[in-house]
Amino acid sequence: MGSIDELLGKLESEEEEVEETQDAITEQDSAIVQLVNKVILDAYARDASDIHIEPYPGKKNTEIRYRIDGSCMVYQTVPYNYRNALVSRIKIMAELDIAERRKPQDGKIKFKKYGGKDIELRVATVPTAGGMEDVVMRILAAGEPIPLDKMGFSKANYEDFISIVTKPYGIIFVCGPTGSGKTTTLHSALGHINKPERKIWTAEDPVEITQVGLRQVQVKPKIGFDFATAMRAFLRADPDVIMVGEMRDKETTHIGIEASLTGHLVFSTLHTNSAPESITRLLDMGMDPFNFADAILGILAQRLVRTLCASCKKEYNPTEQEYNELVREYGKDDFQKNVNIPYSKDLKLRKHQGCEKCNNTGYRGRMGLHELLKGTDTMKKLIQEKATMETIRGQAIADGMTTLKQDGIAKVFTGHTDLLQVRMVCIK
């Protein structure tokens, strides 16, 4: 019940204290420099794909989270008085403007000159409520493409996909949400056909995986050098194969289809949920159904599912109820046709347990789930007739396509993952 002056005096001294503790630490302090390096090196050692730095207003501590195998986990909390210096240090490393705190910025860190390891990070800063600034760093998976036979394709999908990518001309799409490994799959496909007698051009944003033998181009939309411009340039530069990072507008897609009809093999990605949906999406974009039907070789939809940790997964005999649920989710008739594993007391599935190596989660690493729609003659006829998605889907299954969920359940039976993880990444 003291006087108002006393209370105001107290508040001022508290505010000064907060400001002092924040200003006392600068981005040049060796503690901050070491902290940022440690955060990046730890993320790299744990195979994280992203690092999230999340400051809160007031005296609440700053959280650092890693995304490992597709799920976020809290790595560390840092005292609130380090938050400004932490963000400023990362901005200096990424050569961003440290004075600009009201607008999002993006840049790149080449970590080799700071911490020895050859790691490249893509940095995005986002101004958040309370005058704070978040930073998200994506660790770019540099290096060699994974060979196609190591991608976790089922035998049928692998053989069909190889037969498509070795065709002389046509268009191939890989579709799925952000971070589902589309670019990795495309690079593996290009690696498979990357021979001295083929000229391969790629337009990407950003160029993450590099391969000797590919001519790779980084697009810069800010200066008007977008995917469509790059494609036009490629067509004048004597290509055999063209890979475009993404077909998100009518113009790029149109040039891609034209290029595939003039005797080039074209690869691209799309942000759609399933292979049959991609066809209706492209027709909605205004593509000529006849040209598109002639050009299409195949559409591969893809998801990444967490796999059980190899060190601690445990064999068990599922109950009949559990087995029936798997069969029901797969579809009874398709299950008998494709998988056909009867229930018995000797049937073994694997389940997660948890150990040191997988941070007691029971899961470590990821593998692909695929559905491959082939451009068969019947399918081309349906595209020309602008058939509904259900009809296209039915025809694709008749042509031998297994859906994402079916591919996932087949991988449950081979002991790579479990139904919970499959459900987390796909619906159908």
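Positions are given from 1, in the same order as the sequence printed here. The figures here come from the full heavy-atom set of this structure, side chains too, leaving out hydrogens, waters and symmetry mates.
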message: Quick check: closest heavy atoms across Lys182 and Leu270, and the distance to 0.1 Å?
response: CD-O, 3.9 Å
- request: Determine the minimum heavy-atom distance between Phe173 and Phe292, stating which atoms define it.
  value: CE1-CE1, 4.0 Å
task: Could you tell me whether the side chain of Thr262 reaches within less than 4.5 Å of the side chain of His264, counting heavy atoms only?
output: yes
- request: Check whether the side chains of Gln406 and Asp334 place a donor and an acceptor atom closer than 3.5 Å, and report yes or no.
  value: yes
query: Pick from Lys91, Arg83, Gln105: which one makes a side-chain hydrogen bond (donor to acceptor under 3.5 Å, both in side chains) with Glu133?
result: Lys91
- prompt: Quick one: does Asp240's side chain have a donor or acceptor within less than 3.5 Å of a partner on Lys199's backbone?
  reply: yes
message: So that I can tick it off, tell me whether Lys38 and Asp42 are bridged by a salt bridge, with the cut-off set at under 4.0 angstrom between side-chain N and carboxylate O.
response: yes
- prompt: Between Phe335 and Phe413, does the ring centroid distance fall short of 6.0 Å?
  reply: yes
query: Side chains of Ser163 and Asp160: donor-acceptor distance under 3.5 Å anywhere?
result: no
Asp69 and Tyr363 side chains, donor-acceptor separation under 3.5 Å: no
- request: Spell out, as yes or no, whether a donor-acceptor pair under 3.5 Å connects the side chain of Ser71 to the backbone of Arg67.
  value: no
- prompt: Could you state the interatomic distance from CG (Asp134) to OG1 (Thr128), rounded to the nearest 0.5 Å?
  reply: 4.0 Å
message: If we ignore hydrogens and angles and just use 3.5 Å, is the side chain of Glu371 paired with the main-chain N or O of Ala275 as donor and acceptor?
response: yes
task: Please name the pair of heavy atoms, one in Met287 and one in Ile257, separated by the smallest distance, quoted to 0.1 Å.
output: SD-CD1, 3.6 Å
query: Got a donor-acceptor contact below 3.5 angstrom from the Thr307 side chain to the Arg364 backbone?
result: yes
query: Which heavy atom in Val241 sits nearest to a heavy atom in Arg198, and how many Å separate them?
result: CG2-CD, 3.9 Å
task: Return the minimal non-hydrogen interatomic distance between Thr125 and Leu96, and the atom names on each side.
output: CG2-CD1, 4.0 Å
